[in-house]
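Each ligand, and each atom within it, is numbered from 1 in the order the structure gives. Quantities reported herein were computed from a predicted structural model and do not represent experimental measurements. Counting from 1, the numbers follow the sequence of the chain as shown.
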Amino acid sequence: MIDAIKATLVEAVRAAGATMQQRVGQVTVQYKTSWSDLVTEVDRAVEEAVFDLVKHRFPEHGMLGEEGGGAFDREYTWILDPLDGTTNFAHSLPNFVCSLACCRGKEAVAGAIYDPSRDELFLAIKGEGATLNGHPIRVDGAGVLREALIGTNLLWDLRENRFFSLPELQNLGRQVRGVRSLGAAALELAYVACGRLTGFAQYQLSPWDFAAGALLVAEAGGQVSQFDGSPIDMSLPSTVVASNGRVHGELISFLRQG
Ligand code: IPD
Ligand code: CA
Ligand code: CA
């Protein structure tokens, strides 16, 4: 079963990436909840295509997608963010990915994130490790926050409380080597897994933003939790902090103060 899941994950996210590459810079933007919450016809077309493939291969499995909803009501559930980084995509800024995970119950058993701009495929299988284009990856070796490069979102949607305040960001900036905001949470989690970022923290992400990325980080030797240190529930929106594990305690105590 896991080999068939893995093959489907890879096929689905690679096909999604090819569609994105064909259409980048040529899409119509629509607004969802606000002027900064975008969707394009590519988000919807990719979600439909990925779910058609999964349904064809695994008719008894459930689906949860950003554009089409869904629920955890089967033994296996596939969680899809068809296009993470839609704002980047709409602006031709090459930080956008397709993120797909397969869960058994609420535990991710496999996940893939594909970045078509760099032809980078991140893949994790529970208990078998994480790879980038077939090569094993590990989290970075920073031992303290002062050596850490941390990703987070900046002022994503001001109408909802989904961002660090400016004083909090300034405070974070004082504790770490640097703060980066790539505009695609799944990509940032993949970058924690391969050591390009030491950690990543964001208020309220949705399961499709973090399902594959959280498994990647864990399988690459890192740690993922909510801001209070408790485990993430794959079926619910959540605060997410991911790190190389070594700075996790320090990062959490900083986030708790915030
Ligand atoms: C968004 C991106 C962004 C994050 C938002 C997400 P979308 O996903 O990952 O970086 O800050 O919280 O909703 O809308 O591009 O799929
Ligand atoms: Ca997303
Ligand atoms: Ca999306």
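For an aromatic pair to be called close, the ring centres must be under 6.0 Å apart, and F200 with Y191 fails this. Aromatic rings of F58 and W78 (six-membered ring for Trp) have centroids within the 6.0 Å cut-off, being under it.
Protein contacts to the Ca ion (ligand 3) involving N, O or S atoms at a distance below 3.0 Å are E66 OE1, D81 OD1, L83 O.
In summary, the side chains of N95 and R118 do present a donor paired with an acceptor at a separation below 3.5 Å, with no hydrogens or angles considered. Neither side chain, N153 nor S181, offers a donor N or O lying under 3.5 Å from an acceptor on the other.
A search for side chain to side chain donor-acceptor pair (under 3.5 Å) contacts involving D140 returns T198, N244, not counting sequence neighbours. Taking the salt bridge (Lys or Arg N to Asp or Glu O under 4.0 Å) definition, one finds that R14 meets it with D119, sequence neighbours left out. Shown here are the ring-ring contact (aromatic ring centres under 6.0 Å, His included) partners of Y76, two or more places apart in sequence or in another chain: H61.
For ligand 1, one of its N or O atoms has an N or O atom of Q202 under 3.5 Å away.
Of the heavy atoms in L38, none comes closer than 4.0 Å to ligand 1.
Around the CD atom of Q170, the shell of radius 6.0 Å holds more than 12 heavy atoms that belong to other residues, nucleotides or ligands.
By heavy-atom distance, the residue among Q204, E67, E66, K32 lying nearest atom 14 (O) of ligand 1 is E66. Taking only non-hydrogen atoms, the option from L83, V39, D84 nearest to atom 8 (O) of ligand 1 is D84.
Atom numbering of ligand 1 starts at 1 in the shown order; those under 4.0 Å from a heavy atom of N153 are 11 (O). Which parts of ligand 1 touch L205 is read off a 4.0 Å heavy-atom cut-off, strictly below it: atoms 12 (O).
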